[in-house]
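To start, the structure under review is shown below, and the notes come after it.
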Amino acid sequence: KEVEIFEHVYKNKLPLLIKGPTGTGKSRFVEYMANHLKLDLITVVCHEETSAIDLLGRYIVQGAETIWQDGPLTRAVRKGALIYIDEIAEARPDTIIALHSLTDHRRTLFLDRHDELIIAQDSFLVVASFNPGYQQGLKELKLSTRQRFISISFEYPQPNIEVEIICQETGINEKQATKL
C-alpha cells in the first residue's frame with residue numbers, strides 16, 4: 001500500500017520518511033511517485049559533511065558581484081517540487097533542523113542569511129529516507145525528527161517477486177534471474 005500512503009501524504013501535505021536497507025527500492029519508488037504525481041523531483045544525497053547551507057543556499061562571487069544562489073531545498077520550496085533527502089541520518093544536525101519548519105504546520109522556510117521567509121507551494125513535498133541500524137546504530141534519527149514524518153518501511157522482496165523484478169528490469173530470462 002505504499003502508493004496509497006504516498007498519495008495520502010501528498011494530498012495532506014505531510015512529510016514522508018522511508019526506512020529500509022540498501023537496495024530495497026526506496027529511491028526508485030520516490031522517482032516513480034514523482035513521475036506518477038507529475039512533480040518535479042530534486043534529490044539530495046546526504047553525507048557527514050552535508051550542511052544546512054548546502055540545502056538552503058549561499059552567497060557566491062560571480063564576476064564583480066556577490067549574488068545569492070538558492071540551494072536545492074530552497075529551489076524545491078519555491079518551485080513546489082518534491083525534495084528527496086536521501087540518507088538523511090548521515091547529514092549534520094544543522095541540516096536536519098533546517099527541515100523542521102517545513103515538516104510541521106508552518107510549511108515555511110526562513111533563510112536567515114538572505115533575510116527571507118518562503119511559504120511552501122501547495123505541491124511542495126518533503127520525502128526523506130534512511131537505513132536504520134546502519135553503521136552499528138551510530139547514525140539514527142532523533143525522535144524529535146522522526147515524529148515529524150509519516151513513516152513507511154521497505155524490506156527486500158520475496159525471491160519470486162525479486163526474480164520478476166530482475167526479468168522486467170534487465171530483460172534476462174527467469175532461469176538466469178533465479179540464479180542471480
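As a basis for the values below, the full set of heavy atoms in this structure was taken, side chains included, without hydrogen atoms, waters or symmetry mates.
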| request: Check L99, L55, L56 against L109 for a side-chain contact (heavy atoms from CB on, under 4.5 Å) and give me the one that passes. | output: L56
| remark: Rounded to the nearest 0.5 Å, the CD1 atom of I67 sits from the CD atom of Q62 at a distance of 3.5 Å
| Does a sphere of radius 6.0 Å around CD in E116 hold more than 12 heavy atoms from other residues, nucleotides or ligands, not counting ones at 6.0 Å or beyond? | yes
| Any link between V163 and Y156 through a network of hydrophobic side chains (Ile, Leu, Val, Met, Phe, Trp, Tyr) touching at under 4.5 Å? | no
| Side chains of S151 and R146: does their closest heavy-atom pair fall under 4.5 Å? | no
| Does atom CG of L117 have more than 12 heavy-atom neighbours, drawn from other residues, nucleotides or ligands, at distances under 6.0 Å? | yes
| remark: To the nearest 0.5 Å, atom CD1 of I165 lies from atom OG1 of T170 at 11.5 Å
| query | Is there a side-chain contact between M33 and V3, using heavy atoms and a 4.5 Å cut-off? | reply | yes
| message | Whether the side chain of R107 engages the backbone of L125 through a donor-acceptor N/O pair (distance < 3.5 Å, no angle test) should be reported. | response | no
| Does D54 reach the main-chain N or O of S51 with its side chain, forming a donor-acceptor pair under 3.5 Å? | yes
| query | More than 12 foreign heavy atoms under 6.0 Å from CG of D115: is that the case here? | reply | no
| Exceeds 12 heavy-atom contacts within 6.0 angstrom, atom CD of Q147 | yes
| Identified side-chain contact (heavy atoms from CB on, under 4.5 Å) partner of D70 from the options H114, R58, R78 | R78
| T103 side chain to R148 backbone, donor-acceptor under 3.5 Å | no
| task | Keeping the roles fixed (side chain from K13, backbone from F124), state whether a donor-acceptor pair exists under 3.5 Å. | result | no
| Any sub-3.5 Å donor-acceptor pair from N173's side-chain atoms to K175's backbone N or O? | yes
| Between the side chain of D94 and the main-chain N/O of A52, is any donor-acceptor distance below 3.5 Å? | yes
| message | Checking T95 against I85 for the side chain to side chain contact (heavy atoms under 4.5 Å, CB included) test, could you report, in this order, the C-alpha distance in whole Å, the side-chain angles of both residues, the deciding distance, and whether it holds? | response | CA-CA 10 Å; T95 306; I85 313 291; over 6 Å; no
| request: May I ask you to decide if F154's main-chain N or O and K26's side chain share a donor-acceptor pair within less than 3.5 Å? | output: no
| query | Are the side chain of S129 and the backbone N or O of I18 linked by a donor-acceptor pair below 3.5 Å? | reply | no
| request: Give a yes or no answer on whether the side chain of Y84 reaches the backbone of V45 with a donor-acceptor pair at less than 3.5 Å. | output: no
| request: Verify whether one side chain among H100 and D104 offers a donor that lies under 3.5 Å from an acceptor in the other. | output: no
| CD-CD distance between E169 and E164, expressed to the nearest 0.5 angstrom | 11.0 Å
| Should we say atom CZ of R106 is surrounded by more than 12 heavy atoms from elsewhere, each under 6.0 Å from it? | yes
